[in-house]
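A short worksheet on the structure shown next.
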Amino acid sequence: MSDFDYDLFVIGGGSGGVRAARIAATHGAKVGIAEEYRYGGTCVIRGCVPKKLFVYASKFSEEFEDAEGFGWTVGERSFSWEKLVTAKDQEITRLEGIYRRNLERSDVELHDSRAVVEGPNSIRLLATGQTVTAKYILIAVGASPNVDADLPGGEHVITSNEAFHMTDLPEKIVVTGGGYIAVEFAGIFNGLGVETTLLYRGEEILRGFDLDMRKAVHEEMEKKGIRVVCGDVFTAIEKDASGLLTGKTKNGETLTAGQIMFAIGRSPHTSDLGLEKAGVELDRIGAIKVDDQSQTSVPSIYAVGDVTNRANLTPVAIREGHAFADTVFGNKPWTVDHSLIPTAVFSQPEMGTVGLTEEQALEKTPNLDIYKSSFRPMKHTLSGRDEKMLMKLIVDADTDKVLGVHILGPDAGELAQVLGITLAMGATKADFDRTIAVHPTAAEELVTMREPTERLRG
Ligand SMILES: Cc1cc2nc3c(=O)[nH]c(=O)nc-3n(C[C@H](O)[C@H](O)[C@H](O)COP(=O)(O)OP(=O)(O)OC[C@H]3O[C@@H](n4cnc5c(N)ncnc54)[C@H](O)[C@@H]3O)c2cc1C
């Protein structure tokens, strides 16, 4: 029996923490976990899952319109935000229950409490004031949405946390930010009939993604009626007696809306966690510094997920938690490869991507063949909708290796998952070429693009 209360104590019951706790327990470790809000964490409670449910809800408005081109007459439509939020909440509660039960079944001890680090091997549970000890501590506390603390009237805005629980849907909304969360919520609100403006300080939305795709998402959003304003920010926001918000911008615009949502990035949740006291080193933005085994500057303390700000996605947090538990408790050391992460943006239309952007590929090699195809998906020949699908392949011209694939269009996220396997296997353009097409699909375009649209040579 160890001298500690636990072999492992996990702070944070989200994607990374829950996976690490369960895997460590299956390796025979005595594990405790503390969660200050709801088990499942950001992804399940106020991130990926409720967001995707809202995306589904918002797409019906176009589906009803498109149906007419296929002979349907769709009757009177109405939408209840209240019903959607209630249904979403029921589903989230069900999922939270599954998370709790899975932990309990794995013999992990659950503490419904905020926890703070007291030292390299001790943790204080604020709900009871109890101090517990552990041979290892895993910090998996995630991140929280940024707000602009210096913005006059900044207290009137909401973040994604509140967007999931608004009592009413406003007639107009301004979403501020240009990352995937801002873009996704702009699509959600627009699809639900809210007059939507996206206000972003940078030159083009979706920084970090391939530039052609960023421009295409921007264009498609505007076609759907979203006003996308780049290069501008709020300088002040006021709220009148009726609750209406008026925001002034740097470029002199006045925007009124029932709600203003800020999605301007997320910061690691490390304040008041006792980390400095324990000697855990943080970086400039407060993320925990870790090595590739997720070990911090204190050998008994590890950290995974968004709090380490490596790649802030659920599957990455899960992987990091799993690798940590296998390495420390399962005698099966492995590390997570962060270099090839397939991912999706649930914009409308959706974007799926894996591998390098053209800009990143050019930093590695000047010799690239770019294959691009933009076309109207078959569905929209009859629906009449003016929506384009875009596919882009980035190929190393010297080795024929496919370095990146980017797709904008229906089910692009699903395609990115499968393409992720091919790129992880080192697929070449010749591999794509010898693959027989599936007809009639949009994806067949991926294996039928014969000639490069651009040959870049350094
Ligand atoms: C709106 C939105 C949409 C998203 N969509 C996607 C998506 O489509 N796909 C995707 O892959 N990712 C998405 N993400 C990102 C994803 O949610 C995160 O990357 C993921 O949840 C990170 O997991 P984690 O374990 O690091 O932290 P989290 O899941 O955030 O879990 C951390 C947990 O720790 C708890 N906690 C914090 N401090 C303490 C403390 N001191 N004591 C006890 N408990 C504490 C928190 O309450 C929380 O439950 C989205 C995020 C948001 C906000």
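Read the numbers this way: they start at 1 and go in the same order the structure lists the ligands and their atoms. Scope of the values below: all heavy atoms of this structure, side chains included, with no hydrogens, waters or symmetry mates.
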[X]: numbered ligand 1 atoms lying under 4.0 Å from its heavy atoms:
X      : result
Cys43  : 17 (O), 21 (O)
Tyr37  : 47 (O)
Val141 : 32 (C), 34 (O), 37 (C), 38 (N), 39 (C)
Ile11  : 40 (C), 41 (N), 42 (N), 43 (C)
Asn312 : 15 (C), 19 (O)
Gly305 : 26 (O)
Leu313 : 10 (C), 11 (O), 12 (N), 19 (O)
Gly14  : 25 (O), 29 (O), 31 (O), 33 (C)

- prompt: Mind checking what makes salt bridge (charged side-chain N to carboxylate O under 4.0 Å, His left out) contact with Glu62, not counting sequence neighbours?
  reply: Lys224, Arg385
Test your reading of the structure: does [X] have an N or O sitting under 3.5 Å from an N or O of ligand 1?
X      : result
His269 : no
Asp306 : yes
Gly16  : yes
Lys51  : yes

Would you indicate whether the side-chain heavy atoms of [Y] and [X] approach each other to under 4.5 Å?
X     : Y      : result
Ser58 : Asn190 : no
Leu8  : Phe324 : yes
Glu35 : Tyr99  : no

Using heavy atoms and a threshold below 4.0 Å, how should the contact between [X] and ligand 1 be classified: side chain, backbone, both, or neither?
X      : result
Arg266 : side chain
Leu273 : side chain
Ser113 : backbone

Is the closest side-chain donor-acceptor distance between [X] and [Y] under 3.5 Å?
X      : Y      : answer
Thr133 : Asn121 : no
Glu320 : Ser294 : no
Thr335 : Asp292 : no

- request: Name the option, out of Thr308, Thr314, Val316, that contains the heavy atom nearest to atom 16 (C) of ligand 1.
  value: Thr314
- prompt: Quick one: which of Gly40, Pro315, Cys48, Ala115 has a heavy atom closest to atom 4 (C) of ligand 1?
  reply: Cys48
message: Applying side chain to side chain donor-acceptor pair (under 3.5 Å), can you list everything that pairs with Arg94, at least two apart in sequence or on another chain?
response: Glu91
Identify the closest protein heavy atom to [atom]: which residue and atom is it, and at what distance?
atom                    : value
atom 43 (C) of ligand 1 : Glu36 N, 3.4 Å
atom 30 (O) of ligand 1 : Thr42 OG1, 2.5 Å
atom 35 (C) of ligand 1 : Glu35 OE1, 3.2 Å

query: Taking the inter-plane angle between the rings of Trp81 and Phe189 on a 0 to 90° scale, is it parallel (under 30°), tilted (30 to 60°) or perpendicular (over 60°)?
result: tilted
message: Is it the case that over 12 heavy atoms from other parts of the model lie below 6.0 angstrom from the CD atom of Glu444?
response: yes
